[in-house]
Amino acid sequence: MDRQTQFSISRRAWLTALAGATASAKPVFGAIKPDITLRFSHVVAEETPKGLAANRFKVLVEQRSGGRIGVQVYPNAQLYGDHDEMQALQLGAVDLVAPSLSKFGRIGLPEFELFDLPFLFDDLNAVRRITLGPLGQKLLQGLPRQGLVGLGFFDNGFKQMSASRPLLEPKDFVGLRMRVQASRVIAAQMRALGARPVTLAFSETRRALATGVVDGTENPVSNFWTQSMHEVQSDLSLTEHGYLGYAVVTNQRFWHHLQATDRALINQALQEALTFANQIADAQNDQALQALRQAGTTRIHRLNTGQRARLRQAVQPVQHQLASRIGPRWMKDLEQALRQA
Ligand code: LMR
């Protein structure tokens with residue numbers, strides 16, 4: 001890691017202490033100074049499945065520990081963003097992050113990009129056969145390779161496409177510069193549609209759309225709405241072409257240094273917060289779509305069966321193209337897990 005990143009992370013670690021008081025959601029236990037404070041950084045807004053899950057986790061931990069364990073949540077990439085949150089976690093400058101599953105490939109875990117394969121999952125139940133099943137556990141077992149511990153998965157939901165024109169047929173994507181997460185699978189998906197993938201941090205996306213650096217992007221509606229992307233995108237096409245989900249990750253050294261009782265309390269609170277997130281994810285996206293309709297700034301297009309089938313066919317080759325990156329063993333396990341009813 002270059003000195004500049006090391007410097008910015010250690011400077012930020014200092015800022016953490018300073019910024020502690022400004023963290024979102026006031027301590028549940030008023031004036032009690034916690035013995036341990038967990039720093040939980042994420043890149044999205046609070047009114048999203050991830051934002052609400054992080055705050056629920058905070059309340060549960062602080063209540064159950066009687067204020068002895070505090071949680072400071074830093075939403076909206078206030079502290080760390082897509083570029084440095086994983087490194088900050090590996091350095092111990094933060095204790096918990098919940099990146100999208102699309103962001104694990106670039107830290108040496110390309111198997112996580114299986115979640116990005118377009119049109120792979122018919123619904124969230126199919127996703128949960130992976131995330132809440134043995135294959136999900138196997139994926140999390142790879143994290144210690146990077147000095148991390150995976151604590152669990154949760155959903156946001158299915159992604160839609162936005163641009164300054166309707167995206168109903170593969171030809172509509174040709175020549176567009178589309179913002180994507182740092183995933184080779186998603187980049188290949190955009191290329192298969194004739195678009196140019198542009199990898200950008202989430203926090204930079206709205207500005208890049210507003211300034212014309214990119215023409216469009218993909219995300220579930222809860223992210224689209226809470227980042228006010230509707231103010232700079234005239235058309236949202238409900239493609240439901242891919243899944244966006246998360247894994248909560250902590251630093252291995254930090255986790256193993258916790259007392260066993262504290263680790264159990266924190267983990268129990270987290271599992272409940274993740275279940276809560278999966279319960280509200282759909283509703284959060286529906287509410288955002290409703291709000292978008294009411295705002296009336298963006299035309300909303302539903303694809304008919306034929307249009308969705310043509311889109312699906314156009315990106316079908318991606319699965320074969322990226323199978324070697326994800327890994328033949330993972331692809332085989334995935335197929336098996338999805339086939340199990
Ligand atoms: C994105 O970068 O588009 C998303 O992963 C952001 C998020 O964490 O939901």
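Quick caveat, the model's predicted, so the values are computed rather than measured. Indexing begins at 1, ligand by ligand and atom by atom, following the structure's order.
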Pairs under 3.5 angstrom only: tabulate donor-acceptor contacts from the side chains of residues 158-166 to other protein residues two or more places apart or in another chain.
from : atom 1 : to   : atom 2 : distance (Å)
K159 : NZ     : E218 : OE2    : 2.8
Q160 : OE1    : T239 : N      : 3.1
Q160 : OE1    : E240 : N      : 2.9
Q160 : NE2    : E240 : OE2    : 2.8
S162 : OG     : Q233 : OE1    : 2.6
R165 : NE     : D172 : O      : 2.8
R165 : NH2    : D172 : O      : 2.7
R165 : NH2    : V174 : O      : 3.2

Subject >> Set of side chain to side chain contact (heavy atoms under 4.5 Å, CB included) partners for A188, sequence neighbours left out >> reply: V318, Q321, L322
Original post:
Looking only at protein heavy atoms, which one is nearest to atom 9 (O) of ligand 1, and how far off is it?
Top reply: Y246 OH, 2.6 Å
Original post:
Just heavy atoms, cut-off under 4.0 Å: does T48 contact ligand 1 by side chain, backbone, both, or neither?
Top reply: neither
Original post:
Do any nitrogen or oxygen atoms of E218 lie less than 3.5 angstrom from nitrogen or oxygen atoms of ligand 1?
Top reply: no
Original post:
For L265, does its backbone N or O pair with a side-chain atom of R64 as donor and acceptor, under 3.5 Å?
Top reply: no
**OP:** State whether R179 and D215 are salt-bridged, where the test is any N-O pair (Lys NZ or Arg NE/NH1/NH2 against Asp/Glu carboxylate O) under 4.0 Å.
**Re:** no
**OP:** With heavy atoms only and a cut-off of under 4.0 Å, state how L244 meets ligand 1: side chain, backbone, both or neither.
**Re:** side chain
**OP:** Considering only NZ, NE, NH1 and NH2 on the basic side and carboxylate oxygens on the acidic side, decide whether E272 and R56 come within less than 4.0 Å.
**Re:** no
Original post:
Less than 4.0 Å between a side-chain N and a carboxylate O, is that true for R129 and E335?
Top reply: no
Subject >> Under 3.5 Å donor-acceptor, T211 side chain and R207 backbone >> reply: yes
**OP:** Please write down residue, atom name and distance for the protein heavy atom closest to atom 8 (O) of ligand 1.
**Re:** K50 NZ, 2.7 Å
Subject >> Within-cut-off N or O pair, K103 and ligand 1, under 3.5 Å >> reply: yes
**OP:** Just let me know how V43 lines up against ligand 1, side chain, backbone, both or neither, with a heavy-atom cut-off below 4.0 Å.
**Re:** side chain
Original post:
Which heavy atom of the protein is the closest neighbour of atom 7 (C) of ligand 1, given with residue, atom name and distance?
Top reply: V44 CG1, 3.3 Å
Subject >> Which of the ligand 1 atoms, numbered from 1, are nearer than 4.0 Å to a heavy atom of N219 >> reply: 1 (C), 3 (O)
Subject >> E85 contact mode with ligand 1 (heavy-atom cut-off under 4.0 Å) >> reply: neither
Subject >> Atoms of ligand 1 close to S100 [distance to a heavy atom under 4.0 angstrom, numbered from 1] >> reply: 5 (O)
**OP:** Could you find the nearest protein heavy atom to atom 5 (O) of ligand 1 and give me its residue, atom name and distance?
**Re:** Q181 OE1, 2.7 Å
**OP:** Salt-bridge test for E169 and R310: reply yes if a basic N is under 4.0 Å from a carboxylate O, no otherwise.
**Re:** yes
